[in-house]
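What follows is one structure encoded as structure tokens, with my remarks underneath.
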Amino acid sequence: MAKLDESLLADLPPFSRLERGQIRDILSQASSRRYDEGMAIFSEGHDAERFYLLLDGYLRVIRSTEGGEEIIVLHIAPGQLFGIARALQRDTYPATAIAAAESIALSWPMTLWDEFTKTYEGFATESYKTLGRRLGEIQTTLTEMATQAVEKRVACAVLRMMNQSGRRTEDGIEIGFPITRQNISDMTGTTLHTVSRLLSAWEKDGVVASRRKHIIVTNPHELVLLSGAQG
DNA sequence: TCATTAAGATGTA
DNA sequence: TACATCTTAATGA
């Protein structure tokens with residue numbers, strides 16, 4: 001379990017402009033919790049009682065359709081605030097957050113949100129920047145869904161995860177959390193069969209290497225070409 | 001071009 | 001073993 005220390009928050013955008021004492025105050029009101037892979041931090045439609053900061057791990061944010069299908073809206077990386085329904089003028093969570101890998105998050109009662117944004121210089125600004133970035137990402141995905149062929153959508157999704165969570169390895173850049181074919185199909189609006197076929201084909205061409213729940217992009221440039229203007 | 005169906009292989013708890 | 005994950009082929013919209 002991570003030790004709660006001021007240095008934990010000092011470098012993160014929502015807190016970077018604050019003084020040590022202020023950070024200590026904020027930390028003293030936070031709870032820290034660990035989540036196993038697959039565990040929900042909160043669920044769509046539930047009362048938004050707390051807001052969170054991801055310290056370690058990765059999250060999937062999913063929404064369910066009327067038909068019961070699950071759409072992966074976006075991923076959350078360490079250092080990001082999430083569950084900040086208050087910033088959206090909501091009192092319920094708009095989506096479900098699932099730990100994609102073992103994760104650690106801090107949380108505060110939502111009642112502190114207004115106090116934080118009022119009291120702490122830069123906190124609100126940075127939070128809205130986060131929201132803006134996410135909205136942009138969702139918009140991009142939406143446009144892709146409507147206009148791009150499946151192979152390009154899947155290539156874009158893999159690239160996005162690589163950019164957000166990639167780690168260097170000898171063979172290439174590995175996506176930093178467990179990810180299944182089903183997960184990718186939930187991100188791109190296709191089937192796991194199609195994703196499986198595409199990844200197999202890319203593996204044969206040396207673009208990616210994958211074992212179960214792990215994907216390494218061995219040729220990022222080629223993947224960019226597959227995602228881009230002309231495939 | 002892509003979803004669906006089906007059937008089998010392989011990894012994991 | 002039971003279950004999840006992944007692969008491949010065939011078929012049809």
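Proteins get letters first, then strands, A, B, ... in listed order; numbering begins at 1 in each.
- Residue contacts for A:Thr190: at a heavy-atom cut-off of 4.0 Å it reaches the sugar-phosphate backbone alone, with no base atom in range.
- Using a cut-off of 4.0 Å between Lys/Arg side-chain N and Asp/Glu carboxylate O, A:Glu144 and A:Arg153 are scored as not salt-bridged.
- In this entry the distance linking CD of A:Gln182 with P of C:dT7 reads 13 Å, nearest Å.
- The listed nucleotides are B:dC2, C:dA9, C:dT5; the one nearest the side chain of A:Thr180 is C:dT5.
- Side-chain atoms of A:Arg181 and base atoms of C:dT5 include no donor and acceptor less than 3.5 Å apart.
- The side chain of A:Thr194 places an N or O atom within less than 4.0 Å of a non-bridging phosphate oxygen (OP1 or OP2) of B:dA3.
- Atom CG in A:Leu192 sits roughly 12 Å away from atom C1' in C:dT8 (whole-Å rounding).
- On a pure distance criterion of 3.5 Å, a polar donor-acceptor pair joins the side chain of A:His193 and the base of C:dT8.
- A salt bridge between A:Glu126 and A:Lys129 is present, with a side-chain N of the basic residue lying under 4.0 Å from a carboxylate O of the acidic one.
- Residue whose closest nucleotide on DNA chain C sits further toward the 5' end, between A:Arg212 and A:Arg197: A:Arg212.
- Heavy atoms of A:Arg211 sit nowhere under 4.0 angstrom from any nucleic acid atom.
- When heavy atoms are screened at a 4.0 angstrom cut-off, A:Ser200 is found touching the sugar-phosphate backbone but no base atom.
- A:Tyr93 pairs in a ring pair (Phe, Tyr, Trp, His ring centres under 6.0 Å) with only one of the listed residues (A:Phe82, A:Phe42, A:Phe51), which is A:Phe42.
- For A:Lys213 and A:Glu37, the salt-bridge test passes: some basic side-chain N is under 4.0 Å from an acidic carboxylate O.
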